A.B. asks: 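Take this structure first; my questions come after.
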Amino acid sequence: MPRRSQSRSVPRRSAGAEPPATVRPFERTRQDHATETAEDYVELIADLIRQAGEARLVDLAKALGISHVTANRTLRRLQREGLIQSRPYRAIFLTESGLALAQQSKERHKLVRDFLVALGVGEPQAEIDAEGLEHHVSRMTLKAMERYLRRNPSK
């Protein structure tokens with residue numbers, strides 16, 4: 001007996017067509033997830049270079065709690081995207097694009113963390129929460145957080 005495909009057919013949108021309002025939040029979340037890994041890696045690479053003078057595959061894998069194979073696969077993707085330069089058995093370096101993304105991610109993380117602390121969240125928990133939130137906060141929300149912090153400086 002032939003097997004029927006169990007995948008659901010999803011209607012495709014024509015190029016330039018506006019997605020239904022119910023789809024937009026999910027598209028945004030998928031886009032955020034797609035960039036989240038790259039942002040985490042370049043931010044960690046920048047931190048390792050600042051702290052130890054270099055970033056190595058073994059250090060990345062250990063810091064992220066993942067296998068060397070998984071880290072190496074992601075590093076190859078980041079190299080294809082022009083965010084890092086790396087050669088086997090050598091240190092990993094950020095390109096100008098990678099450095100800019102790392103700086104942007106670090107600033108966004110700090111803003112979200114500082115906002116959570118200003119709301120009364122303890123620093124250790126704010127640090128943990130900011131790590132997830134920073135990748136999913138819109139520019140509009142970040143600007144609102146920034147305005148709030150300017151009007152309500154920490155004591």
Side-chain angles (χ1 to χ4, degrees), residues 1-17 19-20 22-117 119 121-142 145-146:
M1 177 184 329
R3 292 180 61 176
R4 289 185 4 189
S5 171
Q6 294 186 5
S7 65
R8 295 185 298 164
S9 176
V10 177
R12 294 190 181 255
R13 286 188 277 126
S14 59
T22 57
V23 172
R24 279 186 229 124
F26 297 107
E27 282 186 339
R28 163 76 196 287
T29 300
R30 282 194 306 277
Q31 289 172 341
D32 291 345
H33 282 301
T35 60
E36 185 172 353
T37 299
E39 291 172 350
D40 284 343
Y41 269 72
V42 296
E43 192 175 352
L44 180 56
I45 290 167
D47 288 345
L48 288 169
I49 291 170
R50 188 173 48 257
Q51 294 166 2
E54 67 178 358
R56 301 176 308 146
L57 173 64
V58 65
D59 300 323
L60 282 169
K62 184 177 179 184
L64 293 168
I66 59 175
S67 72
H68 294 86
V69 173
T70 300
N72 196 40
R73 188 176 303 127
T74 301
L75 289 175
R76 285 195 308 265
R77 179 176 64 92
L78 297 178
Q79 192 160 10
R80 283 192 308 271
E81 293 174 1
L83 297 171
I84 66 162
Q85 292 180 339
S86 174
R87 291 194 312 249
Y89 309 106
R90 302 284 175 137
I92 302 156
F93 301 96
L94 294 171
T95 63
E96 283 186 38
S97 297
L99 192 56
L101 182 61
Q103 184 63 35
Q104 177 186 6
S105 184
K106 179 72 79 184
E107 288 169 5
R108 193 173 56 239
H109 178 94
K110 182 183 180 322
L111 176 60
V112 173
R113 184 199 60 223
D114 291 351
F115 177 75
L116 293 173
V117 169
L119 293 179
V121 177
E123 281 209 38
Q125 188 62 50
E127 186 68 37
I128 292 167
D129 291 347
E131 184 53 47
L133 292 171
E134 71 179 274
H135 303 289
H136 300 279
V137 176
S138 70
R139 284 190 176 112
M140 184 186 318
T141 301
L142 287 169
M145 289 176 172
E146 206 168 35

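Here the structure is a predicted model, which is why all the values come from computation and not from measurement.
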A.B. asks: Does R76, at its CZ atom, have more than 12 non-hydrogen atoms belonging to other residues, nucleotides or ligands within less than 6.0 Å?
C.D. replies: yes
A.B. asks: Applying salt bridge (Lys or Arg N to Asp or Glu O under 4.0 Å), name anything that partners K62, two or more places apart in sequence or on another chain.
C.D. replies: none
A.B. asks: Using the test side-chain contact (heavy atoms from CB on, under 4.5 Å), find all partners of E146 that sit at least two apart in sequence or belong to another chain.
C.D. replies: L111, K143, R150
A.B. asks: Can you give me the closest heavy-atom contact between E123 and V117, atom names plus distance?
C.D. replies: CG-CG2, 3.8 Å
A.B. asks: Got a sec, which residues hit salt bridge (Lys or Arg N to Asp or Glu O under 4.0 Å) with R80, two or more places apart in sequence or on another chain?
C.D. replies: none
A.B. asks: In Å and rounded to the nearest 0.5 Å, what is the NE2 to OG1 distance from H136 to T35?
C.D. replies: 8.0 Å
A.B. asks: Anything under 3.5 Å between a donor and an acceptor, one on a side chain of residues 42-54, the other on a protein residue two or more places apart or in another chain? List them.
C.D. replies:
residue : atom : partner : partner atom : Å
E43     : OE1  : S105    : OG           : 2.9
D47     : OD1  : R50     : NH2          : 2.3
D47     : OD1  : K106    : NZ           : 2.9
D47     : OD2  : K106    : NZ           : 3.0

A.B. asks: Return the CD1 to CG distance between I66 and N72, rounded to the nearest 0.5 Å.
C.D. replies: 10.0 Å
A.B. asks: Roughly how far apart are H68 NE2 and T70 OG1, rounded to 0.5 Å?
C.D. replies: 10.5 Å
A.B. asks: Taking all non-hydrogen atoms of both residues, which atom of L116 and which atom of A130 are closest, and how far apart?
C.D. replies: CD1-N, 4.0 Å
A.B. asks: What pair of heavy atoms forms the shortest contact from A126 to V121, and how long is it?
C.D. replies: N-CG1, 3.6 Å
A.B. asks: Residues two or more places apart in sequence or in another chain: which of them pass side-chain hydrogen bond (donor to acceptor under 3.5 Å, both in side chains) with D129?
C.D. replies: Q125
A.B. asks: Which residues pass the side-chain contact (heavy atoms from CB on, under 4.5 Å) test with Q104, sequence neighbours left out?
C.D. replies: L101, R108
A.B. asks: Holding to salt bridge (Lys or Arg N to Asp or Glu O under 4.0 Å), I want the full list of residues that pass it with E81, two or more places apart in sequence or in another chain.
C.D. replies: R77
A.B. asks: So, taking the atom named CG in L60 and the one named CD1 in I92, what distance separates them when rounded to the nearest 0.5 Å?
C.D. replies: 4.5 Å
A.B. asks: Are the side chains of M145 and D114 in contact, using a 4.5 Å heavy-atom criterion?
C.D. replies: no
A.B. asks: Quick one: pull up CG in L83 and OH in Y41 and give me the separation to the nearest 0.5 Å.
C.D. replies: 13.0 Å
A.B. asks: Residues two or more places apart in sequence or in another chain: which of them pass side-chain hydrogen bond (donor to acceptor under 3.5 Å, both in side chains) with R56?
C.D. replies: D59
A.B. asks: Applying side-chain hydrogen bond (donor to acceptor under 3.5 Å, both in side chains), name anything that partners S97, two or more places apart in sequence or on another chain.
C.D. replies: none
A.B. asks: Taking only residues two or more places apart in sequence, or in another chain, which ones meet S86 in a side-chain hydrogen bond (donor to acceptor under 3.5 Å, both in side chains)?
C.D. replies: none
A.B. asks: Closest heavy-atom contact between T95 and Q85?
C.D. replies: CG2-CG, 3.8 Å
A.B. asks: Using salt bridge (Lys or Arg N to Asp or Glu O under 4.0 Å) as the criterion, list what pairs up with E127, not counting sequence neighbours.
C.D. replies: R113
